[in-house]
There are 2 protein chains.
Amino acid sequence: MNISDAAKLSGLPAKTIRYYESIDLFGAPRRAANGYRRYENTDIQTLCFLRQARQFGFNIGQCRLLLGLYKNPQRRSTEVHQLVSDKLKEVDAHIRELGETRDLLARLVGACANDEDAECAIIDTLAGQQEQSQVVEESKP
Amino acid sequence: MNISDAAKLSGLPAKTIRYYESIDLFGAPRRAANGYRRYENTDIQTLCFLRQARQFGFNIGQCRLLLGLYKNPQRRSTEVHQLVSDKLKEVDAHIRELGETRDLLARLVGACANDEDAECAIIDTLAGQQEQSQVVEESKP
DNA sequence: CTAAGCCTTACAGCAACTGTAAGGTCAAGA
DNA sequence: TCTTGACCTTACAGTTGCTGTAAGGCTTAG
């Protein structure tokens, strides 16, 4: 099948499939006489694997590792487990971080008068110079 | 003061300050005779504002808007409120999305035997072809 | 014959920086 | 005075994971 069929079946844009080929994430398929890429059903499996892994937040390097395990019949499931639980920790950390940002934003929203006045607690907070402990002298007055 | 002082005081890398100048987010400061950028204390306020806004997840475009409001004494706090509560909604949506990913990952981790065997529920799940409803015929068999 | 709809490559662009190279400036110490 | 090191400058490339665009070739239906 041609690349657009592979795209439909895998759920990845054709452009992305070519991109994965260009970075050697997905092996180059054989070509038809006219130069068109020809994909097999097994290629679709692999492309789906990549789409899913990306959807789960694995970056390209991690996808490469996962794909190596996927293709390796001698893999041990504990290796896969390790990769995925590391990613889980990563996502958890990200969620916590975002949660803190969320709370700070909520506090800002709550503090703002939300009226026609120029005075604004949000602006005041954003302009706060947390990093500045003292005023520095001009290098050359 | 020179750019490295401004960097220390604002908490932004000097490189980032130059970058903000290059994209017209932060106005170019006057130059000393030797060509060095000279920053005033009021510049530090603005740079801190930008650092904080970026930390809160506002992108450069949104920072531009916020900065406009910051610098405009005729602003109405409701405009600021709008921007920030929009961002809050954005962050909430992002957190929900990540939460779903987290749950799916946790399910994967739970399903994996985590042993020396090659059989792995994670690999099986990732290879699942959700998008594929039927096998497509070869375009040219 | 032509028009649409595929396919190909190559290059540019996105966000928001960060790294590197190549060179100018400045203050302190031997 | 020379030199060393820490600044500063610009310009360009690289990062991540694609996506858009251009320019052209192939294929198929009418």
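Naming convention: chains lettered A, B, ... in sequence-line order (proteins, then strands); numbering from 1 in each chain.
- Distances shown here put every side-chain N or O of B:N34 at or beyond 4.0 Å from the OP1 or OP2 atom of D:dC8.
- Following rounding to the nearest Å, B:R38 (CZ) and D:dC8 (P) show an atom-to-atom distance of 11 Å.
- Atom pair B:K15:NZ and D:dT9:P shows a separation of 11 Å (rounding to whole Å applied).
- For the OP1/OP2 pair of C:dA16 and a distance below 4.0 Å, the side-chain nitrogens and oxygens of B:T16 include no atom meeting the criterion.
- As rounded to whole Å, 16 Å separates atom C1' of D:dC8 from atom CE of B:M1.
- Taking the six-membered ring where tryptophan is involved, the planes of B:H94 and A:H94 are perpendicular, since the angle between them exceeds 60° and thus also 30°.
- When the nearest nucleotides of DNA chain D are assigned to A:Y19 and A:A33 by heavy-atom distance, the more 5′-ward of the two goes with A:Y19.
- Residue-to-nucleotide contacts include no donor-acceptor pair under 3.5 Å from the side chain of A:Y20 to the base of D:dG17.
- Phosphate proximity of D:dT10 to B:R37: present, with a side-chain N or O under 4.0 Å from OP1 or OP2.
- Relative to the six-membered ring of B:F56, B:K87 misses at least one condition, a distance below 6.0 Å or an angle of at most 45° to the axis.
- Put simply, CD1 on B:I17 is 12 Å from P on C:dT18, counting in whole angstrom units.
- Contact annotation: B:R31 reaches the phosphate of D:dT10 (side-chain N/O to OP1 or OP2, under 4.0 Å).
- Heavy atoms of A:I23 sit nowhere under 4.0 angstrom from any nucleic acid atom.
- Salt bridge status for A:E21 with A:R18: absent, with no side-chain N to carboxylate O gap under 4.0 Å.
- Nucleic acid contact class of B:R18 (heavy atoms, under 4.0 Å, all strands): base.
- As a whole-Å value, the separation of B:Q62 CD from C:dA15 P is 12 Å.
- Sequence order on DNA chain C of the closest nucleotides to A:G35 and B:F58 puts A:G35 first from the 5' end.
- Rounded to an integer number of Å, the gap from CG of A:L12 to P of D:dC18 is 8 Å.
- A donor-acceptor pair is defined here as one N or O able to donate and one able to accept, closer than 3.5 Å; such a pair exists between the side chain of A:E79 and the backbone of A:R76.
- Counting to the nearest Å, the P atom of D:dA6 and the OH atom of B:Y36 are 14 Å from each other.
- Distance, B:R54 CZ to C:dC17 C1': 9 Å, rounded to whole Å.
- The closest donor-acceptor contact from the side chain of B:Q52 to the backbone of A:T125 lies under 3.5 Å.
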